[in-house]
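A short worksheet on the structure shown next.
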Amino acid sequence: MKEEKIIVPANGYLMLFLFVILFFGSIATIIAMQTPWPGITIFLSLVMAFGFLMVQPNGSRVLLLFGKYVGTVKKNGFYWVNPFYTKKKISLRASNFDSERLKVNDKLGNPVMISTILVWRVQNTYKAAFDVDNYENFVRVQTDAAVRKLASMYPYDNFADEGVDEDITLRSSVNEVSEALEREIDERLTIAGIEVLEARIGYLAYANEIANAMLKRQQATAIVAARHKIVEGAVSMVEMAIEALNKNDVVELDEERKAAMVSNLMVVLCGDKDASPIVNAGTLSH
């Protein structure tokens with residue numbers, strides 16, 4: 001047998017009623033008839049008591065008879081089975097696993113710290129019980145392996161200055177990375193009969209040895225991008241100012257004075273500090 005087999009054992013309450021009749025009836029017979037023969041029935045009823053089992057909601061019992069798989073009881077209730085069955089309890093409830101923070105290299109070789117949050121449950125009790133040694137430890141180990149593989153497939157972030165422009169990154173593509181991680185873990189846990197309900201990145205950051213350098217790099221990139229926008233806006237404003245002066249014939253400027261005005265406006269618009277204007281009380285010719 002290589003697949004899970006669902007069975008429904010005998011009603012436990014009916015067998016409990018039969019056990020009470022046999023046990024106490026045999027004791028009453030011994031007392032009334034003063035004969036030891038009903039002791040055999042008492043012994044059999046005691047053996048019978050080992051067959052009772054209770055299955056709680058979202059629980060299961062895997063039954064074995066001298067090493068042979070008999071079936072799995074998934075329906076909750078009170079049952080009775082062969083007293084010689086070995087009963088292995090496997091929970092079908094959803095379990096939450098928060099992995100340790102692992103240091104791995106991303107696609108660009110940068111060391112990052114990463115962890116994952118996994119929600120899983122047992123779907124096939126036969127595979128969970130017999131195809132792997134310890135299915136809970138199997139989940140932990142395979143999840144760590146999947147996270148390491150995933151981190152090596154994508155860069156932490158895009159670096160435009162180096163010509164790196166990936167469609168999917170660990171930092172910005174949260175949904176895509178979570179879907180890829182879920183598929184990777186699900187493929188690995190199928191052998192153990194585990195169903196992956198959800199998988200997502202729980203923690204993501206650069207490793208300590210490069211965290212400060214990467215922070216400065218991100219700040220520099222942000223400053224350059226901001227300066228780029230400021231220069232674009234300043235050039236546009238200077239063009240508008242010169243066009244407005246020429247159109248309204250406010251003042252006639254030669255090329256040298258246009259260059260001076262453009263220089264002054266660019267300094268004012270692109271400077272970090274507020275400009276201190278100097279009022280020219282003379283004429284344009286002096």
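Quick note: numbers below take in every heavy atom, side chains included, and nothing from hydrogens, waters or symmetry partners.
- A distance-only check finds no donor-acceptor pair linking the side chain of R61 to the backbone of T86 [under 3.5 Å].
- No more than 12 heavy atoms of other residues, nucleotides or ligands sit less than 6.0 Å from atom CD1 of I191.
- For D106 (side chain) and Y156 (main-chain N/O), a donor-acceptor pair under 3.5 Å exists by modelled atom type.
- Within the model, atoms CG of L118 and OG of S99 stand 8.5 Å from one another, a figure rounded to the nearest 0.5 Å.
- Distance alone, capped at 3.5 Å, places no donor-acceptor pair between the T169 side chain and the P155 backbone.
- The neighbour count for D133 CG, taken as heavy atoms of other residues, nucleotides or ligands under 6.0 Å away, does not exceed 12.
- Across all non-hydrogen atoms, the minimal contact from A49 to F19 is CB-CE1, 4.0 Å.
- Ring orientation note: the planes of F78 and F52 are close to parallel, at an angle under 30° on the 30°/60° scale.
- Interatomic distance, N11 CG to M15 CE, rounded to the nearest 0.5 Å: 9.5 Å.
- For the pair I201/V174, no side-chain contact is recorded, criterion being any heavy-atom separation below 4.5 Å from C-beta on.
- Of the charged side-chain nitrogens involved, at least one lies within less than 4.0 Å of a carboxylate oxygen, so that E198 and R200 count as a salt-bridged pair.
- Between F23 and S45 the shortest heavy-atom distance is CD1-OG, 3.5 Å.
- With rounding to the nearest 0.5 Å, the separation of OG1 in T190 from CD in Q123 is 9.0 Å.
- Applying the side chain to side chain donor-acceptor pair (under 3.5 Å) test to R183 and every residue at least two apart in sequence or in another chain returns nothing.
- Looking only at side-chain heavy atoms (C-beta outward), L64 and Y85 stay at 4.5 Å or farther from each other.
- Counting only heavy atoms from C-beta outward, the side chains of E4 and I6 approach each other to under 4.5 Å.
- Side-chain contact between E100 and R140: absent, with no pair of heavy atoms (C-beta onward) separated by less than 4.5 Å.
- At least one side-chain heavy atom of L102 sits less than 4.5 Å from a side-chain heavy atom of D144.
- Counting only heavy atoms from C-beta outward, the side chains of L14 and L18 never approach each other to under 4.5 Å.
- The distance from the CG atom of L63 to the CG atom of L53 is 6.5 Å, given to the nearest 0.5 Å.
- A donor-acceptor pair is defined here as one N or O able to donate and one able to accept, closer than 3.5 Å; no such pair exists between the side chain of S26 and the backbone of T41.
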Problem set entry | side-chain contact (heavy atoms from CB on, under 4.5 Å) between N58 and K74, intermediate numbers included | CA-CA 7 Å; N58 286 326; K74 286 187 175 182; over 6 Å; no
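- For the residue pair T125/T72, the side-chain donor-acceptor check at 3.5 Å is satisfied.
- Not one N or O on the side chain of Y69 forms a donor-acceptor pair closer than 3.5 Å with the backbone of L65.
- Among residues two or more places apart in sequence or in another chain, the salt bridge (Lys or Arg N to Asp or Glu O under 4.0 Å) test is passed with R121 by E195.
- What you find for L92 and G59 is that their closest heavy atoms are CD1-O, 3.7 Å.
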For this session: Go through K87 and V81 one step at a time and tell me if the side-chain contact (heavy atoms from CB on, under 4.5 Å) criterion holds.
Result: CA-CA 10 Å; K87 312 169 191 69; V81 296; 3.7 Å; yes
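- N105 approaches P111 most closely through the heavy-atom pair OD1-CA, 3.5 Å.
- Residues forming a side chain to side chain donor-acceptor pair (under 3.5 Å) with S115 (at least two apart in sequence, or on another chain): none.
- S173 contributes no side-chain N or O that, together with a main-chain N or O of L170, makes up a donor-acceptor pair within less than 3.5 Å.
- When atom types are taken as modelled, the side chain of W80 and the backbone of M48 share a donor-acceptor pair closer than 3.5 angstrom.
- At a threshold of 4.5 Å between non-hydrogen side-chain atoms, the residues F43 and L46 do not count as touching.
- Smallest separation of non-hydrogen atoms from A128 and V132: O-CG2, 3.7 Å.
- The CD1 atom of I42 sits 10.0 Å away from the CG atom of L44 when rounded to the nearest 0.5 Å.
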Exercise. For F97 and I117, what are the C-alpha separation, side-chain angles and deciding distance, and is it a side-chain contact (heavy atoms from CB on, under 4.5 Å)?
Worked result: CA-CA 6 Å; F97 169 61; I117 298 176; over 6 Å; no
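- Here K103 contributes atom NZ and R148 contributes atom CZ; the two are 11.0 Å apart, rounded to the nearest 0.5 Å.
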Exercise. How far apart are the C-alpha atoms of E187 and Q142, what are their side-chain angles, what is the distance that settles it, and do they pass the side-chain contact (heavy atoms from CB on, under 4.5 Å) test?
Worked result: CA-CA 10 Å; E187 292 177 0; Q142 293 300 321; over 6 Å; no
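- Tracing side-chain contacts under 4.5 Å through hydrophobic residues (I, L, V, M, F, W, Y), one reaches F24 starting from L22; they form part of the same cluster.
- A pairwise comparison of heavy atoms in A151 and I114 identifies CB-CD1, 4.4 Å as the closest pair.
- When the side chains of ILVMFWY residues are joined at heavy-atom separations under 4.5 Å, either directly or via intervening members, V55 and V8 end up in a single hydrophobic cluster.
- Side-chain contact between T143 and W120: absent, with no pair of heavy atoms (C-beta onward) separated by less than 4.5 Å.
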